[in-house]
Amino acid sequence: MSEIRLDGQVAVVTGAGRGLGREHALLLGARGAAVVVNDLGGALDGAGGEASPAEQVVAQIRAAGGTATVDTNDVSTPESASRIVATATETYGRLDILVNNAGILRDRSMAKLTPEEIGSVLDVHLGGTIWTSRAAWPVMTGQGYGRIINTTSAAGLFGNFGQTGYAAAKAGIWGVTKTLAIEGARNGIQVNAIEPGARTRMTENLLGDLADRLDPSLVAPVVLWLAARECATTGEVYNVGGGRVARVVIAQTPGFFSREITAEALRDGWDALNDPGRAEVMTTFQQEMGVLVGLLADGDPSAVADA
Ligand code: NAI
């Protein structure tokens, strides 16, 4: 089996001083990429900062024979995110791979949450993903090549108690991923997201007996594969953890259709409309629109769910 190599390529991994980002950076570095190890080294809630987490990862990559440099800029503002990309271009002359991984947690139920908490979580996760991508975009477009791997979460895709801000940010990242995949296609830029599960300081109190089986190093191979030149996938989200990888899809039931739609007809057709048994995976909004356009053009007035 030939090894996937990234020799001559340059990668930025945000939040790479610890946890998942650290494993992504170590693996990309081990496969030949020059790695910008970005991490401002703050607490789990984003407070404070120190260079040592990023420095230690850089030292580890170099000790293994790789190439890496420290970057301690904050992902969450347009200006500082641009400086992260500048570290890559000024140090190594290009940027092939951007892994948006940096994150904080400030969980709070709706009754107690504050604008400041919501704002900082949105700024780091969603803002950080957008601003680093925006800074990388002209570089990757100029090269006609780029790979962006974003980090979403089950909380964003399915919701989770106490995580309004985090879920909003992570759901936003999913939308950003889909949109940048569309915009990047003409310039060889592929954009995907992972929805990870791993033992890190973010989850150490949540995983119970399974913690030992959820080493963060089990997520990094998916990032390497999505970053590889030979991977042609774009616009997808993968659930990754403990050695399992699965594609997450949006599906839609055939639904109900009647030009004389009434609440009563909906009531009577509700179970059929909601039955996922005949749901279809939807990958583009044109595909989704096409279903309605087809129904309107055919003029079939019958309730589709009953067909
Ligand atoms: P972690 O707390 O171990 O690592 C996150 C790193 O991001 C830290 O080293 C931190 O200093 C850095 N960081 C935070 N704010 C930053 C900023 N503004 N600029 C630059 N760096 C910053 O957490 P973990 O678990 O490794 O999380 C990585 C990503 O994976 C996050 O986006 C998280 O939301 C996501 N995730 C993790 C899951 C898990 O099971 N561990 C589950 C779902 C999503």
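In listed order, ligands and their atoms are each counted from 1. All values derive from a computational prediction rather than experimental measurement. Excluded from the calculations below are hydrogen atoms, water molecules and symmetry mates; all remaining heavy atoms, backbone and side chain alike, are included.
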Measure the distance from [atom] to every protein heavy atom, then report the residue, atom name and distance (to 0.1 Å) of the closest one.
{"atom": "atom 24 (P) of ligand 1", "answer": "Thr200 OG1, 3.5 Å"}
{"atom": "atom 26 (O) of ligand 1", "answer": "Leu20 N, 2.9 Å"}
{"atom": "atom 2 (O) of ligand 1", "answer": "Arg201 NE, 2.8 Å"}
{"atom": "atom 14 (C) of ligand 1", "answer": "Gly103 O, 3.3 Å"}
{"atom": "atom 28 (C) of ligand 1", "answer": "Asn101 OD1, 3.1 Å"}
{"atom": "atom 9 (O) of ligand 1", "answer": "Asp39 OD2, 2.6 Å"}
{"atom": "atom 30 (O) of ligand 1", "answer": "Thr151 CG2, 3.3 Å"}
{"atom": "atom 34 (O) of ligand 1", "answer": "Tyr166 OH, 2.6 Å"}

Before accepting this row, confirm whether a basic side-chain N of the pair Lys170/Glu195 lies closer than 4.0 Å to the acidic partner's carboxylate O.
-> no

Hey, are Arg199 and Asp215 close enough for a salt bridge, meaning a charged N less than 4.0 Å from a carboxylate O?
->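 So Arg199 pairs with Asp215 through a salt bridge.
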
Out of curiosity, is [X] lining ligand 1, as in a heavy atom under 4.0 Å away?
{"X": "Thr14", "result": "no"}
{"X": "Thr152", "result": "yes"}
{"X": "Arg22", "result": "no"}
{"X": "Pro53", "result": "no"}
{"X": "Ala198", "result": "yes"}

Give the atom numbers and elements of ligand 1 that come within less than 4.0 Å of a heavy atom of [X].
{"X": "Ile104", "result": "14 (C), 15 (N)"}
{"X": "Asp74", "result": "17 (C), 18 (N), 19 (N)"}
{"X": "Gly197", "result": "40 (O)"}
{"X": "Asn73", "result": "19 (N), 20 (C)"}
{"X": "Gly42", "result": "11 (O)"}
{"X": "Asn38", "result": "20 (C), 21 (N)"}
{"X": "Gly19", "result": "3 (O), 26 (O)"}
{"X": "Val124", "result": "15 (N), 18 (N)"}

How close do [X] and [Y] get, heavy atom to heavy atom, and via which atoms?
{"X": "Trp174", "Y": "Leu157", "answer": "CG-CD2, 4.0 Å"}
{"X": "Thr253", "Y": "Asp275", "answer": "CG2-O, 3.3 Å"}
{"X": "Ala251", "Y": "Ala279", "answer": "CB-CB, 4.0 Å"}

Any donor-acceptor pair under 3.5 Å from [X] side chain to [Y] backbone:
{"X": "Asn38", "Y": "Gly15", "result": "yes"}
{"X": "Lys178", "Y": "Thr284", "result": "no"}
{"X": "Thr91", "Y": "Ala88", "result": "no"}
{"X": "Glu55", "Y": "Val70", "result": "no"}
{"X": "Asp71", "Y": "Val37", "result": "no"}

Would you kindly say whether Ser52 and Glu50 are connected by a side-chain donor-acceptor distance under 3.5 Å?
->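 Judged by distance alone, the side chains do pair up.
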
Do the side chains of [Y] and [X] get nearer than 4.5 Å, heavy atoms only?
{"X": "Ile173", "Y": "Thr151", "answer": "no"}
{"X": "Asn160", "Y": "Asp107", "answer": "no"}
{"X": "Arg22", "Y": "Gln60", "answer": "yes"}

Can you check whether Ser153 has an N/O within less than 3.5 Å of an N/O in ligand 1?
->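 N/O-N/O distance below 3.5 Å does not exist for this pair.
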
What about Gly17: any of its N or O atoms under 3.5 Å from an N or O on ligand 1?
-> no

For ligand 1, the portion of Glu195 having any non-hydrogen atom under 4.0 Å away |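 The answer is neither.
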
Quick one: look at Thr203 and ligand 1, take heavy-atom pairs under 4.0 Å, and tell me if it's side chain, backbone, both or neither.
->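 Under 4.0 Å from ligand 1, Thr203 contributes side-chain atoms alone.
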
What's the verdict on side-chain hydrogen bond (donor to acceptor under 3.5 Å, both in side chains) for Asn150 and Thr129, showing C-alpha distance, side-chain angles and the deciding distance?
-> CA-CA 7 Å; Asn150 295 327; Thr129 300; 4.8 Å; no

Should one rank Pro196, Ala16, Gly156, Gly241 by closest heavy-atom distance to atom 43 (C) of ligand 1, which comes out on top?
->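 That would be Pro196.
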
